[in-house]
Structures are given as structure tokens and as C-alpha cells.
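The structure appears below as C-alpha cells.
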2 protein chains.
Amino acid sequence: MLLSKTSEYGIRAMLHLAGVGGDVYLPVKRISKDLDISFHFLTKIFQQLTRAELVDSYRGPNGGVRLRCEARSIAVKDILVALEGDDLFTKCVLGLPECGEGHPCPLHEHWARSRMQIETMFGGKSLIDLGAELRSGGFRLRATGEWTEPTK
Amino acid sequence: MLLSKTSEYGIRAMLHLAGVGGDVYLPVKRISKDLDISFHFLTKIFQQLTRAELVDSYRGPNGGVRLRCEARSIAVKDILVALEGDDLFTKCVLGLPECGEGHPCPLHEHWARSRMQIETMFGGKSLIDLGAELRSGGFRLRATGEWTEPTK
DNA sequence: CACAAAAAAGATATAAATGTCTTAAAACGG
DNA sequence: CCGTTTTAAGACATTTATATCTTTTTTGTG
């Protein structure tokens with residue numbers, strides 16, 4: 001599989017936040033229900049995203065998480081890097097430590113191109129853009145069942 | 001990480017076989033030493049590749065594994081599919097089960113392009129071609145240390 | 001202040017990937 | 001037939017990823 005569950009969940013949750021928009025704090029509980037993701041697991045993921053300063057969190061009633069102002073223009077790539085590091089965008093596809101121009105693996109050149117394309121694809125659109133597309137409809141962030149508009 | 005250790009090792013080992021070329025059986029022990037990969041783990045991987053009919057195996061003295069004649073023109077993609085299935089080339093990048101034209105995730109369209117590019121990159125070159133490039137020098141399949149030409 | 005809501009943090013459980021070890025079966029060479 | 005080489009197969013150990021549960025801390029409200 002390309003991405004870990006952590007990344008899949010993290011990206012879906014962040015896109016969900018971007019889709020909801022606004023400055024309101026959304027409880028993780030709510031997000032976990034909206035997207036059908038394990039609440040406790042999602043909590044851990046948001047703790048990472050909070051430490052990475054991609055989201056603000058607030059405790060207590062009316063608390064929750066929201067996209068950090070300074071991070072509204074981030075891309076999916078930034079979520080990935082926060083959750084898993086940048087291995088996908090830097091490392092040799094065959095796992096060879098010093099793979100590079102000097103000692104390339106047989107796939108080095110080919111993979112370099114693919115990698116760049118992947119980086120562009122994950123880095124090309126901002127969460128704002130993706131959130132807007134999400135609101136415009138036709139897109140989906142959960143497995144099955146109909147969409148329930150968050151109440152707050 | 002993009003690929004599992006199983007895939008990394010499997011691809012490296014298969015490229016090694018392609019680089020050696022010929023009809024000779026190469027013992028897994030030898031390959032594991034050449035590439036610095038755990039012997040027992042590599043054995044398991046070759047058992048999968050044998051069952052997938054990508055390699056022939058032969059027991060006893062002068063035994064080992066070799067590329068199957070019919071599979072000389074396969075690509076790295078075929079190794080990947082044999083070892084991990086085709087999820088990487090078919091599944092939604094966010095893990096959504098019914099992601100498609102009808103109910104696309106926000107990344108569906110973008111990922112479809114990347115995925116195709118990745119498929120082309122893993123499917124573009126045959127093991128024969130890659131083996132020839134390997135023999136022509138300048139390429140590397142192990143982490144460090146100098147290359148030791150297999151004696152048989 | 002007491003209570004409830006919510007994130008943070010820690011502990012634990014389960015499953016999957018990775019790695020190692022042992023035994024069995026096949027093939028060959030004396 | 002016996003010993004060696006090798007793959008095949010199975011058992012086991014370790015680590016990492018995934019998932020769940022409990023406790024603590026913060027915050028708002030009555």
C-alpha cells in the first residue's frame with residue numbers, strides 16, 4: 001500500500017476540516033463519526049498534527065481542532081511529511097542508502113521522475129482549494145452511507 | 001515508505017538475477033550474500049516468486065533459482081504484483097473502497113494520473129533491459145562495499 | 001465550586017511485517 | 001546407500017502499525 005492508515009486518516013480528516021471551513025473548532029469525536037474513523041486513533045493523529053502546528057486544538061466545551069490560520073494554504077504533502085516524514089519524496093525506491101547520481105540503483109533515474117510527479121501531485125493543491133472543491137459537491141471522504149452535514 | 005521490505009528485496013534480487021543472466025541456477029544463499037539480505041527472509045520471497053512462476057528453482061548441488069524463460073521479458077511491475085498484489089495500481093490513495101468516477105475522493109483524478117505514471121515507470125523496462133544496463137556498469141544493487149562478481 | 005466536554009497522555013491489546021531458527025524433502029556425488 | 005547441498009516448509013521471535021481503553025488536564029457552564 002502506498003500510504004499508512006495514519007496518513008489516510010490524517011489526510012481525510014484534514015480535508016474534512018478544510019471542507020467545513022471557518023474558524024470553528026470541530027471535536028475529534030465529531031470528525032471520527034463523520035468519516036467513520038476510530039476516535040482514539042484519530043485523536044493520536046491530531047496530536048501529531050497539533051505538535052506539527054498544522055492545526056490548533058482547544059479543550060473543553062466548544063473545543064476541538066481546526067486548521068491553523070498560517071496553515072490554510074498548506075498542501076496534502078505537508079500533512080504527509082508531518083505524519084511520516086519525507087521518505088516518500090527523498091529516498092531510494094529500493095531502499096539503498098546512498099543511492100544517487102554517483103551510485104544509482106537501476107531505477108534511480110526513472111524513480112526520480114515519478115517521485116517528482118508524486119510530489120507535484122501531493123503538493124499542487126492547497127487545502128483551501130480542495131476544501132472548496134469538496135463544498136462544491138461531488139466529492140467524498142468516507143466509505144459508504146450518505147453525507148451528514150456537521151451541525152457545528 | 002512506498003514499498004515493503006519484501007518488495008525491495010524481491011526486486012533487487014530479481015534484478016541481480018537479470019544482471020547475472022544465463023541459464024545457471026544461483027543459490028539463494030549466494031544472492032543473499034551478494035546483496036546483503038537476510039538469507040531466510042529472501043528464501044521466503046523466492047518461494048513466492050517461484051509459486052508465481054517468475055523463477056524456476058532447483059534443489060541440491062548446483063541448484064538455486066533463475067529467471068524463468070517465459071518471464072525474461074517481465075517488468076519490475078510484475079514482481080510487485082506477484083509479491084503484494086496490484087493495490088498500488090488500482091486502489092484509491094485514501095483507501096476509500098468505492099472511489100471512482102461516480103464517487104471520487106478529492107484526490108481521485110490527480111492520483112489517477114500519478115498512478116498511471118508509476119505504472120508506466122515500473123512497467124516500462126523489462127528485466128532483460130535492466131539486466132543489460134546493470135552489466136554495462138555504473139549501477140548498484142547493494143548498500144555499500146564493492147561489487148563481487150558471482151563465481152558461478 | 002461542581003459538573004460536563006473535550007484534548008492530552010499513557011497503558012494495553014491486537015494484528016501485520018520483518019526476521020530467525022529448525023526440520024523436511026529433493027537432488028547430486030561418491 | 002550415505003553425506004552434502006540446496007529449496008521448501010513450518011515454527012517461533014521481534015518489531016512496528018493499528019486499535020482500544022483509562023486517566024489526567026484544560027475549559028466552559030450552571
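Computed from a predicted structure; not experimentally measured. In what follows, chains carry the letters A, B, and so on, assigned in the order in which the sequence lines appear, proteins first and then strands, with residues in each chain numbered from 1.
- Remark: P of C/dA6 and CG of A/D56 are 17 Å apart, rounded to the nearest angstrom.
- Note on B/Y9: every side-chain N or O is 4.0 Å or more away from OP1 and OP2 of C/dT18.
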Evaluate the criterion side-chain contact (heavy atoms from CB on, under 4.5 Å) for residue pair B/I31 and B/F46; output intermediate values, then yes/no. CA-CA 11 Å; B/I31 302 174; B/F46 269 114; 3.9 Å; yes
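- When the nearest nucleotides of DNA chain C are assigned to B/S4 and A/V65 by heavy-atom distance, the more 5′-ward of the two goes with A/V65.
- Nearest nucleotide to the A/R51 side chain, out of C/dT18, D/dA8, C/dA9: C/dA9.
- Contacts between residues 37-48 of chain A and DNA chain C, defined by a heavy-atom separation under 4.0 Å, are made by A/K44, A/Q47.
- Between B/D36 atom CG and C/dT18 atom P the separation is 17 Å, expressed in whole Å.
- In this structure, the NZ atom of A/K5 is 12 Å from the P atom of C/dA17, given to the nearest Å.
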Pairs: protein N or O with nucleotides 28-30 of chain C N or O, under 3.5 Å:
unit_1: C/dC28; atom_1: OP1; unit_2: B/Y58; atom_2: OH; d: 2.9

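- At D/dA17, none of the side-chain N or O atoms of A/T6 fall inside 4.0 Å of OP1 or OP2 (strictly under the cut-off).
- Taking 4.0 Å as the cut-off between side-chain N and carboxylate O, B/R72 and B/D23 count as a salt-bridged pair.
- Atoms NZ (B/K33) and P (D/dT6) sit 9 Å apart, rounded to a whole Å.
- Here A/K125 does not pair with A/D129 in a salt bridge; the nearest charged N to carboxylate O distance is not below 4.0 Å.
- Separating the CZ atom of B/R30 from the C1' atom of D/dT7 is a distance of 18 Å, rounded to the nearest angstrom.
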Take B/L127 and B/L67 through the side-chain contact (heavy atoms from CB on, under 4.5 Å) test and state the conclusion after the steps. CA-CA 9 Å; B/L127 289 196; B/L67 284 185; 4.0 Å; yes
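- Side-chain contact of A/S4 with A/E84: a donor-acceptor pair under 3.5 Å is present, judged by distance alone.
- Rounded to whole angstrom, the span from the CD1 atom of A/I31 across to the P atom of C/dA6 amounts to 12 Å.
- Distance CG (A/D87) to C1' (D/dA17): 16 Å, rounded to an integer number of Å.
- Salt bridge A/R12/A/D36: absent, no basic N to carboxylate O contact under 4.0 Å.
- For the pair A/K33 and A/F39, the cation-pi criterion (under 6.0 Å, within 45° of the ring axis) is not fulfilled.
- Per the geometry, CG belonging to B/L83 stands 11 Å off P belonging to C/dT18, to the nearest Å.
- With a 6.0 Å radius and a threshold of 12 heavy atoms from other residues, nucleotides or ligands, A/H103 has its NE2 atom at or below the threshold.
- In this structure, B/I45 and B/G10 approach most closely via the heavy-atom pair CG2-CA, 3.8 Å.
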